[in-house]
Amino acid sequence: MALLPGKGGKKRKGGKGTPTKSPGKKSSKHDDEEFEEVSEEEVPTAGGKKGRGNAVEKRGKKEVPQKAKGKRKAFPESDSDDDSDDEPEMEDDTSEEDEDEDAAMEMLGSTRELLGSDSDDEDYMEMDDDPKGLEFSDDGSESEEELDVEKRSRKIDAQRILDEKDAEAEMQLNIQGESDDFRLPTAEELEEESKGPPDLPKIQSRIKEIVRVLGNFKQLRAEGSDRGDYTKQLALDLASYYGYNEFLMNMFMQMFPVAEVVEFLEANETPRPVCLRTNTLKARRRELMDVLINRGVNLAPLGKWSKVGLVVYESKVPVGATPEYMAGHYMLQSASSFLPVMALAPQEKERIIDMAAAPGGKTTYIAGLMKNTGVIYANELKESRLPSLSANIQRMGVTNTIICNYDGRKLPGILGKNTADRVLLDAPCSGTGVIGKDPSVKVTKSGEDIVRCAFLQKELILAAIDMVDASSKSGGYIVYSTCSVLVAENEAVIDYALRKRDVKVVSCGLDFGRPGYTRFREHRFHPHVANTRRFFPHAHNMDGFFVAKLKKISNTIKTTPKEENEPEDTAVAEEPENGEAVSADEDSANTSAGSEDDEDVGSQKKTKASKKKQKKASIEQNGSGVAKKSAPAKERNGSLNGAKTDHKNAVKQKKPGKQDRTMDAGNVNPTKRTEEEESSERLKQKKAGKQNGTVYAGKATPTKHKKLKEEGPVRKKQKSIEQSEDGKKSLTPTKENTAAHAKRGGVDEVQKKRNYSPGGKVKQQFSSKKHLKSKTRRK
Ligand SMILES: C[S@@+](CC[C@H](N)C(=O)[O-])C[C@H]1O[C@@H](n2cnc3c(N)ncnc32)[C@H](O)[C@@H]1O
């Protein structure tokens, strides 16, 4: 693997190896391998800072010996064979130029240490061990020269050892001096500081000092202060310096070593590079590059890992307004958002559900990989985000996609359980990975928000799994992703899914990124969670991102007890009569219209009961954001269940309106296309005796195929549903249109039980939503 030229890390490693590590060729090579591994992971970071190093280590104890070993840099990649070949040449030159000779001797010294006791160096070692033998050699002038060289070599060696000792002593002196200089501020000093505006240079230097002390705690700590005192002050200073709330800062401090947390925060200060994704339905990357370069865009391929990505360094024109952009030849998309789709690896002719799709960056990528075949259901909860989704789908020439407007948690009841080949859940999240893009996250996210996000994410992931058919020939996969870096929204959600469903975590197929955490503070996750991938701005020069790929093993649903602060598993609990997925916070989805533009889940308000419960949980979490597993049974059966019962009653009624906002995509008639495609699929599945569900004009009412025959002529009934939709937008399914849907759709035992009586509690919720809206308007 090629190393990045001119990177500091390599030199540091090479220099550092000699004095402390066991010398020898193997050791040297091993260093290089180690470096390569690190560099592989960090190749995409090239534009930015070099991540992951421990800043304290870099400028601390090991720095001085590195300097003493400076000449080692002349052989950054040499191994012992090369070194020994060079030796005679150097010796020949010594009689002519003293400078060269000195350099050669110094190199010889370094080389010797590097070579250690490997057999290749035996001659050299012998000379060292038995100089007398050489002194009395009568090999003529050559031997005398060698003797001379050896003498000087020994001198240099001796000098070097002295230098090293001096350097070490000097460093110890510095450390002593520094540690004497620095102490934590007293309460009074902090009080005094808080009276004025933050003194940023002072805070910055204190941050540096604390990081340094924590990196060498035993030696540098001040008497009477423990690690906790330093860490606490560091969190306060970092929060104040970078402008975060304390909750978020504590979260980050729990995730990274102290030096790395600073790198992470620094990286969040700048947005990641602008990237484009070539739309392979309309363009080729090479050609697109040429055209854009001619327009004054300075750009290059994103990296070896992507065949479609381009990174923009600078541009004379707005890249979101070029004729090529307008014509849909590319999508402006962050590098990290390529990853979930690459992990999903959609195949042609599959049935794929994108559960949270707006504005469609990933949907359109999926469509490209599927070459516009098969069918994609691109679902989005927020109505206000549908136009951008629809516009992107049209601009990019996507013709295999149906846009739906549902709460993702209800999709299994709508699109059918066990019917999809693959599902992408690019979940709504706290956005803690994209602070460079949206700095407001620094102060707006609280512990409660994270608990709320995680709660919704857990509900959504179960819905995602329930829609996938474990026996799909080509698929059976679910990809879960977030642009959050918090464990509560990532590994904890995957661990929850593993406990609740028959799935396993498989490799994402991405050859960079860090493995997901399997232990985080007091939490222990399933070991396979390590197959998930994390991406960080400071380490990978892309937005913070999390990607997990699950393979559904069977369509069986596990029955495990509900843990503290986990959603009720509606698929395990008594099946609601209308077969729709019901969540404990059903109300939340219905009352979210007041703030539909809010991209995260903050707007999806909880029922009073679940809110109270979550607040309690967030306190219990002690700030980790990850729910605790064990809770007394009494608590487990607490208020959430109460809320659930209410919701169960509520959804016995048909919820009007919002469920029926499916839109056509692109400039084709995807409904027709889907019908055609699915009728042949249905035929196949009927033969195979499989279950199926489908969507027609925004509504999916899969019922038993058998029922269809009983209901009489289909075309007439289909007309009735079409008329009602075109005309009064009466979206309440009737007996007739249910049958019409059934004709288009498939078979689902649960759906048969549906009872569509309008009104009831759900309707009331809608009116209260309207009420809320008008209230807001009045305000
Ligand atoms: C991370 S964004 C999706 C980005 C999109 N996948 C893309 O690549 O362009 C998450 C989306 O989920 C939507 N959302 C929030 N709650 C949802 C829910 N309960 N069901 C479905 N979508 C939801 C948000 O409105 C938001 O558009």
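Just follow the structure's listing: the first ligand is 1, and inside any ligand the first atom is 1.
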R385 contact mode with ligand 1 (heavy-atom cut-off under 4.0 Å): side chain
N/O separation below 3.5 Å, K362 to ligand 1: yes
Sub-4.0 Å atoms of ligand 1 with respect to non-hydrogen atoms of N379: 21 (C)
Which residues share a side chain to side chain contact (heavy atoms under 4.5 Å, CB included) with S446, sequence neighbours left out: E448, D449
L460, any N or O under 3.5 Å of ligand 1 N or O: no
Stepwise side chain to side chain donor-acceptor pair (under 3.5 Å) test for T364 and R277: CA-CA 10 Å; T364 51; R277 177 178 54 77; 2.8 Å; yes
Under-4.0 Å heavy-atom contact with ligand 1, by part of T363 that carries it: neither
Pair R501 + D466, salt bridge at N-O below 4.0 Å: yes
Residue pairs, two or more places apart or on separate chains, that pass ring pair (Phe, Tyr, Trp, His ring centres under 6.0 Å) and touch residues 423-449: none
Nearest-option assignment for atom 18 (C) of ligand 1, heavy atoms, candidates L456, L424, L381, D426: L381
Note: R452-E489 ion pair, threshold 4.0 Å (strictly below): no
Ligand 1 atoms in contact with D407 (distance to a heavy atom under 4.0 Å): 18 (C), 19 (N), 20 (N)
Six-ring centre of F512, R533 cation under 6.0 angstrom, axis tolerance 45°: no
Donor-acceptor pair between Q347 and S474 side chains, under 3.5 angstrom: no
Any S337 heavy atom less than 4.0 Å from ligand 1: no
Geometric N/O contact P359 with ligand 1, under 3.5 angstrom: yes
Salt bridge (Lys or Arg N to Asp or Glu O under 4.0 Å) assessment of K362 paired with D426: CA-CA 9 Å; K362 297 180 189 76; D426 186 30; 2.6 Å; yes
Ligand 1 N/O within reach of G408 N/O, cut-off under 3.5 Å: yes
Ligand-residue contact atoms, ligand 1 with M355, heavy atoms, under 4.0 Å: 21 (C), 22 (N)
